[in-house]
Asker: 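Submitted below is the structure of interest, expressed as structure tokens.
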Protein chains: 2
Amino acid sequence: MATIYDVAKQAGVSAATVSRVVNGRASVDTALAARVQQAMRELDYRPNALARNLRRRQTSIWAVVISDIGNPFFTSMVRGIEDVAQGAGYSVVLCNSDEDAAKEARYVAAALEEQMAGVIISSAGRAANVNRLIEAGTPVVAIDREVRGAAVDTVLVDNEHGAELAVEHLIEAGYERIACIGGPRRLPTAQQRLRGYQRALRAHRRPADDELVRHGDYRQEGGYQAMAALLDEGERPDAIFAANNLMTIGALECLADRGISVPDRMGVVGFDDIPWAHLVRPSLTTVAQPTYELGRTAALLLAERIAEPSRPPSTVTLRTELKVRASSNRPSVA
Amino acid sequence: MATIYDVAKQAGVSAATVSRVVNGRASVDTALAARVQQAMRELDYRPNALARNLRRRQTSIWAVVISDIGNPFFTSMVRGIEDVAQGAGYSVVLCNSDEDAAKEARYVAAALEEQMAGVIISSAGRAANVNRLIEAGTPVVAIDREVRGAAVDTVLVDNEHGAELAVEHLIEAGYERIACIGGPRRLPTAQQRLRGYQRALRAHRRPADDELVRHGDYRQEGGYQAMAALLDEGERPDAIFAANNLMTIGALECLADRGISVPDRMGVVGFDDIPWAHLVRPSLTTVAQPTYELGRTAALLLAERIAEPSRPPSTVTLRTELKVRASSNRPSVA
DNA sequence: TGGCCACGTCGTAGATGGTCGCCATCGTTC
DNA sequence: GAACGATGGCGACCATCTACGACGTGGCCA
């Protein structure tokens with residue numbers, strides 16, 4: 001592979017001049033510049049990004065650390081990030097932490113070692129990882145999950161409000177005993193969605209029975225097990241609110257296995273949409289998040305922070321939207 | 001950020017010794033090594049990957065170039081790649097080419113500039129991109145799609161056979177007029193699946209009517225449009241074989257919009273599974289691909305090629321499996 | 001007209017942080 | 001005493017960027 005020196009020799013100039021032509025920062029005589037361009041074409045010269053990165057002490061890569069690459073919520077978000085990154089001249093690296101704090105820490109370490117230009121993170125755990133990045137001066141944006149104890153740009157959705165809407169909708173549809181399949185207790189999104197659920201019950205003077213709340217792991221399997229527990233233990237609910245998309249799928253699976261018909265004997269609303277929610281039968285009522293927009297916003301915030309590292313961190317909260325479909329349509333009791 | 005020289009000073013040794021301790025290549029006296037470890041901890045030393053990469057003329061990153069990050073087929077495949085990469089000490093960068101040859105070329109250029117340790121690619125277009133990598137000495141593995149005109153390690157599934165099985169199944173289920181929603185003509189997978197469809201028809205002496213074959217873009221929208229065309233133009237089929245998962249979803253959507261019941265009035269089999277195929281009503285008969293295994297195999301091949309660059313390229317073909325569910329269950333005519 | 005200064009260009013030389021080949025040293029063993 | 005292995009330091013090297021200074025030109029002022 002040709003280096004900058006080969007080009008310089010071919011064009012009869014110094015390497016510095018070639019560098020100037022490549023980067024367009026300083027002024028170079030037009031005739032010389034043309035000769036350099038010519039030489040670059042002839043040698044099929046590609047600047048060595050490694051050397052440039054070392055010298056500039058920074059890559060042009062953004063790391064995106066997410067907790068589950070298989071969740072369509074994240075893939076759509078990543079698209080939003082990618083589109084902005086592309087436009088701003090950055091590449092995007094995807095890191096899949098699998099909700100594992102250790103794996104997340106490894107990726108953060110890698111981001112530091114590789115001197116990534118920025119990090120967008122949906123953190124599984126404590127603030128330590130995020131703070132490590134901030135201390136090292138790496139621009140960071142938290143997405144989807146707020147990070148307590150870290151001063152960082154953040155993009156969220158109104159989880160509590162969305163959950164409240166969902167549960168209110170179930171109440172208005174006539175369901176009586178509404179259960180909740182919550183997410184992992186340590187995750188802020190799970191806590192907020194649970195609060196929304198409780199708030200709606202309280203507002204409508206429904207008792208908040210502890211037996212009605214189960215916690216899953218935000219995966220399909222967890223949703224299945226939580227649903228099974230709700231069916232087998234204690235007084236059976238007639239509707240459920242599930243705190244994320246994959247757990248909703250799991251719950252539906254369980255209900256199908258048990259032959260419990262939705263929405264007649266069990267109303268179902270899930271948090272976060274699924275691309276084919278309307279193909280599932282019955283079609284699924286969901287609290288839709290603006291996933292693409294979430295990614296876009298985070299990427300824009302990151303670009304701004306890179307441009308202006310010292311500005312105070314800001315938090316953007318996007319709205320959710322209740323999409324009423326068939327799974328929460330209780331047949332009126334005659 | 002502390003450099004290797006800071007650590008060397010702190011431990012009272014030379015930078016070379018610190019390097020040896022970090023990399024564990026050469027033997028270092030235990031006492032010295034301990035002092036170095038101590039100094040690294042005290043200074044919170046992180047090796048600068050950029051400098052190492054420059055010197056070694058290689059990063060420890062694998063680029064995975066895929067054509068649609070939103071397709072669960074690819075996300076599962078990526079998991080398989082990641083797990084192997086993780087174990088072998090590599091990080092994985094995801095590049096989303098969106099079936100766009102130009103975008104793909106940009107990512108390939110980036111992989112060359114950043115001197116990626118290896119590339120796994122599901123190429124959208126011609127062999128030029130892959131050959132550029134091979135010429136530069138970058139280890140490459142083609143996945144899911146063979147690359148004609150390039151001598152490269154390849155991992156495929158038996159597309160033709162899988163498609164044949166699917167169509168045979170529809171024939172045996174009693175469907176008469178079986179249509180095909182094929183993929184983009186230029187893609188080898190689309191060509192192979194189409195051939196499997198045609199072969200099955202021929203074997204059962206069904207006429208291969210050109211009117212019964214439409215081509216989509218491997219996305220949901222394309223499946224929807226192809227289905228609509230099949231319904232509106234010419235003699236209507238009573239079953240369809242769709243050449244990938246997202247187009248199957250699109251076709252189902254179209255059928256639902258038109259009120260055409262599946263499997264009574266239209267049998268449906270799709271190529272490639274969907275995580276929640278059994279939740280869609282009716283549950284979906286599919287040709288399942290070993291997606292995770294596909295990724296794993298490609299990653300293993302890449303690791304082998306990196307270890308032994310001169311070995312002749314090999315091709316691995318994995319088997320598909322027909323998963324019979326409800327969407328192809330034709331009610332027997334009384 | 002001569003001298004000085006500003007400015008546009010361009011080359012030299014170091015800096016970036018690690019890695020590794022080579023060589024010196026030291027202790028051990030035969 | 002020679003041979004050998006283990007150990008650790010020196011300095012070149014990776015490809016690029018950039019601070020600094022040199023050089024030439026032209027304008028302006030005395």
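Naming convention: chains lettered A, B, ... in sequence-line order (proteins, then strands); numbering from 1 in each chain.
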Asker: Write down the distance between CG (B/L50) and P (C/dT19), rounded to a whole number of angstrom.
Answerer: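 Rounded to whole Å, this separation is 12 Å.
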
Asker: Within the structure, does a side-chain N or O atom of A/S27 lie under 4.0 Å from either OP1 or OP2 of C/dG8?
Answerer: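 Indeed not, no polar side-chain atom of A/S27 lies that close.
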
Asker: Determine whether any donor atom in the side chain of B/R55 lies under 3.5 Å from an acceptor atom in the base of D/dC13, or the reverse, and answer yes or no.
Answerer: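 A donor-acceptor contact between them is present.
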
Asker: Across the strands shown, which category fits A/V13 at heavy-atom distances under 4.0 angstrom: base, sugar-phosphate, nothing?
Answerer: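 A/V13: backbone/sugar contact only, no base atoms under 4.0 Å.
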
Asker: Kindly say if B/R52 contacts the phosphate of C/dT19, meaning a side-chain N or O under 4.0 Å from OP1 or OP2.
Answerer: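 So the side-chain polar atoms of B/R52 do come within 4.0 Å of the phosphate oxygens OP1 or OP2 of C/dT19, strictly under.
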
Asker: Looking only at non-hydrogen atoms, find the nearest pair between B/N96 and A/R79 and report the distance.
Answerer: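 For B/N96 versus A/R79, the nearest heavy atoms are ND2-NH1, 3.8 Å.
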
Asker: Over how many whole Å does the gap from B/D6 atom CG to C/dG17 atom P extend?
Answerer: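 Computing the B/D6:CG to C/dG17:P distance gives 9 Å.
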
Asker: At less than 3.5 Å, do the side-chain atoms of B/R20 and the base atoms of C/dG18 form a donor-acceptor pair?
Answerer: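 For B/R20, whose side chain was compared with the base of C/dG18, there is no donor-acceptor pair (under 3.5 Å).
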
Asker: With nearest nucleotide decided by heavy atoms, which residue, A/G12 or B/T3, maps closer to the 5′ end of DNA chain C?
Answerer: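 On the 5' side of the pair lies A/G12.
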
Asker: What is the distance, rounded to the nearest whole Å, between atom CD of A/Q58 and atom P of C/dG17?
Answerer: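 Those two atoms, CD and P, are 14 Å apart.
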
Asker: Output the single nucleotide from C/dG17, D/dT16, D/dA15 whose closest atom is nearest the side chain of A/R57.
Answerer: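 Of the options given, the side chain of A/R57 lies nearest C/dG17.
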
Asker: Look at all strands and tell whether B/N23 reaches a base, only sugar-phosphate, or nothing, counting heavy atoms closer than 4.0 Å.
Answerer: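 Touches sugar-phosphate only.
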
Asker: Please tell me which of the listed nucleotides, C/dG18, D/dC17, C/dT9, lies nearest to the side chain of A/D29?
Answerer: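 The answer is C/dT9, which lies nearest to the side chain.
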
Asker: Consider side chain to side chain donor-acceptor pair (under 3.5 Å). Of A/E104, A/R148, A/E146, which one does A/S123 pass it with?
Answerer: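 Only match with A/S123 under side chain to side chain donor-acceptor pair (under 3.5 Å): A/E104.
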
Asker: Closest-nucleotide mapping onto DNA chain D: is B/L54 or B/A16 further toward the 5' terminus? I mean the 5' end.
Answerer: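 Closer to the 5' end of DNA chain D: B/A16.
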
Asker: Could you tell me how far apart A/R46 (CZ) and D/dT16 (C1') are, to the nearest whole angstrom?
Answerer: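 It is 17 Å, rounded to the nearest whole Å.
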
Asker: For B/I4 and C/dT16, what is the distance between atoms CD1 and C1' respectively, to the nearest whole Å?
Answerer: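 To the nearest whole Å, that distance equals 14 Å.
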
Asker: Contact class for A/L32 (heavy atom, under 4.0 Å): base, sugar-phosphate, or nothing?
Answerer: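 The answer is sugar-phosphate, as A/L32 gets under 4.0 Å only of primed atoms, P, OP1 or OP2.
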
Asker: Could you state the CG-P distance from B/N53 to C/dT19, rounded to the nearest angstrom?
Answerer: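 Rounded to whole Å, this separation is 10 Å.
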
Asker: For DNA chain D, whose closest nucleotide is more 5', that of B/A15 or that of B/A51?
Answerer: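 Nearest-nucleotide comparison on DNA chain D picks B/A15.
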
Asker: Given D/dG9, C/dG18, D/dT16, identify the nucleotide with an atom nearest to the side chain of B/S14.
Answerer: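 Nearest nucleotide to the side chain: D/dG9.
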
Asker: Looking only at non-hydrogen atoms, find the nearest pair between A/R52 and A/P47 and report the distance.
Answerer: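 Shortest heavy-atom contact: NH2-CB, 3.8 Å.
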
Asker: Does B/Y5 make a side-chain donor-acceptor contact with the base of C/dG18, cut-off 3.5 Å?
Answerer: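 Looking at the base of C/dG18, it does pair with a donor or acceptor on the side chain of B/Y5 (distance under 3.5 Å).
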
Asker: Within this structure, what is the NZ-to-P distance between A/K9 and C/dC10, rounded to whole angstrom?
Answerer: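 Taking NZ of A/K9 and P of C/dC10, I get 21 Å after rounding.
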
Asker: D/dT7, OP1 or OP2 - any side-chain N/O from B/T17 closer than 4.0 Å?
Answerer: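 For B/T17, the contact criterion (side-chain N or O under 4.0 Å from OP1 or OP2 of D/dT7) is not met.
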
Asker: For side-chain hydrogen bond (donor to acceptor under 3.5 Å, both in side chains), just list the numbers for B/S67 and B/R145, CA-CA rounded to whole Å, side-chain angles, deciding distance to a tenth of an Å, and then say yes or no.
Answerer: CA-CA 11 Å; B/S67 58; B/R145 302 174 183 177; 3.3 Å; yes

Asker: So what does A/V28 hit on the nucleic acid, given a heavy-atom distance under 4.0 Å: a base, only sugar-phosphate, or nothing?
Answerer: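 Counting heavy atoms under 4.0 Å across all strands, the contact made by A/V28 is with sugar-phosphate only.
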
Asker: Between C/dG18 atom C1' and A/Q115 atom CD, what is the distance in whole Å?
Answerer: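 Whole-Å distance recorded here is 12 Å.
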
Asker: Quick check: closest heavy atoms across A/S97 and A/V65, and the distance to 0.1 Å?
Answerer: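 Closest approach of A/S97 to A/V65, heavy atoms only: CB-CG1, 4.2 Å.
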
Asker: Under the side-chain contact (heavy atoms from CB on, under 4.5 Å) rule, what do A/I134 and A/V140 come out as? Steps first, then yes or no, please.
Answerer: CA-CA 7 Å; A/I134 293 175; A/V140 190; 4.2 Å; yes

